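In this text, all values refer to a predicted model and were calculated from it rather than measured experimentally.
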Amino acid sequence: MSTATVSGVAARVLTVRVPKGGEYAVMVDRSSAGGVREHLSSDELDAHDAVASPRGRFFHGVVGRLRAVRAQLRRHPLLALSYRIAVGLVGGLVLVVGIIAIPYPGPGWLIVFTGLGILATEFEWARRILRWALERYRMVMAWYSRQHGVVRWAGIALTGAITLGTLWFVGALGLFAGWFGVHWSWLQGVLM
């Protein structure tokens, strides 16, 4: 533990050594009531959370190991390029699946944010889009939850109509109806 001055305020600096992950400096502002989080960068916040709970220690250990692997890959240009291409392909595929799944019941938005999260591990543009999209999603969900029940039921009905429309378009309704002996031509959809 040492002392440093941060923005003119005396602060204690706690150095946290992480196995195979380097060391992080956590600055504790003596003048604030909560203290710890005011002067933490993202790495320093990770270090503080790692000290704060067993779950945080586990997560921080995993993240530290992954960062070490990524640092090793950066030393070899061909491996680094291959890794970025792989992250781009996997993240892009997950993102596309999520976008397709948005109108259907289930975790469409979660899949979209997961795909953006995968891409954000390597691409700054994806980090910016992820932050922006999460902020907009929270705003829309907060607005939607404040609406009258009629508006919410209309949203559910619209989601149901979109789901049925896309299932019809790809021919899935005709397939399902065929399982029950119903062979109406209009259920076959556009792509069938």
Across all chains, not counting sequence neighbours, the ring pair (Phe, Tyr, Trp, His ring centres under 6.0 Å) partners of Phe113 are Trp109, Tyr137
Name all residues meeting the side chain to side chain donor-acceptor pair (under 3.5 Å) criterion together with Arg146; count only those two or more places apart in sequence or in a different chain, and write none if there are none. none
Residues forming a salt bridge (charged side-chain N to carboxylate O under 4.0 Å, His left out) with Arg127, sequence neighbours excluded: Glu124
Can you name the residues that form a salt bridge (charged side-chain N to carboxylate O under 4.0 Å, His left out) with Arg84, not counting sequence neighbours? Glu122
Pairing residues for [X] by the side chain to side chain contact (heavy atoms under 4.5 Å, CB included) criterion, not counting sequence neighbours:
X: Val182; result: Ala177, Trp184, Leu187
X: Leu110; result: Pro107, Thr114
X: Trp125; result: Leu119, Phe123, Arg128, Ile129
X: Ile100; result: Val96

What distance do [X] atom [atom1] and [Y] atom [atom2] have between them, rounded to the nearest 0.5 Å?
X: Leu78; Y: Leu73; atom1: CG; atom2: CG; result: 11.0 Å
X: Leu130; Y: Ile118; atom1: CG; atom2: CD1; result: 11.0 Å
X: Ile111; Y: Leu95; atom1: CD1; atom2: CG; result: 10.5 Å

Shared hydrophobic cluster, Ile99 / Val97 (ILVMFWY, side-chain heavy atoms < 4.5 Å): yes
Do Ile102 and Met141 sit in the same hydrophobic cluster, where Ile, Leu, Val, Met, Phe, Trp and Tyr count as joined when their side-chain heavy atoms come under 4.5 Å apart? yes
For a 4.5 angstrom cut-off between non-hydrogen side-chain atoms, does Arg74 reach Tyr83? no
Among pairs that include at least one residue of residues 179-190, which meet salt bridge (charged side-chain N to carboxylate O under 4.0 Å, His left out), considering only residues two or more places apart or in two chains? none
Using residues 147-159 as the side-chain source, report each donor-acceptor pair under 3.5 Å to any protein atom, sequence neighbours left out, with the distance given to one decimal.
residue : atom : partner : partner atom : Å
Gln147  : NE2  : Trp143  : O            : 3.0
His148  : ND1  : Val150  : N            : 3.1
Arg152  : NE   : Gln147  : O            : 3.2
Arg152  : NH2  : Gln147  : O            : 3.4
Thr159  : OG1  : Gly155  : O            : 2.9

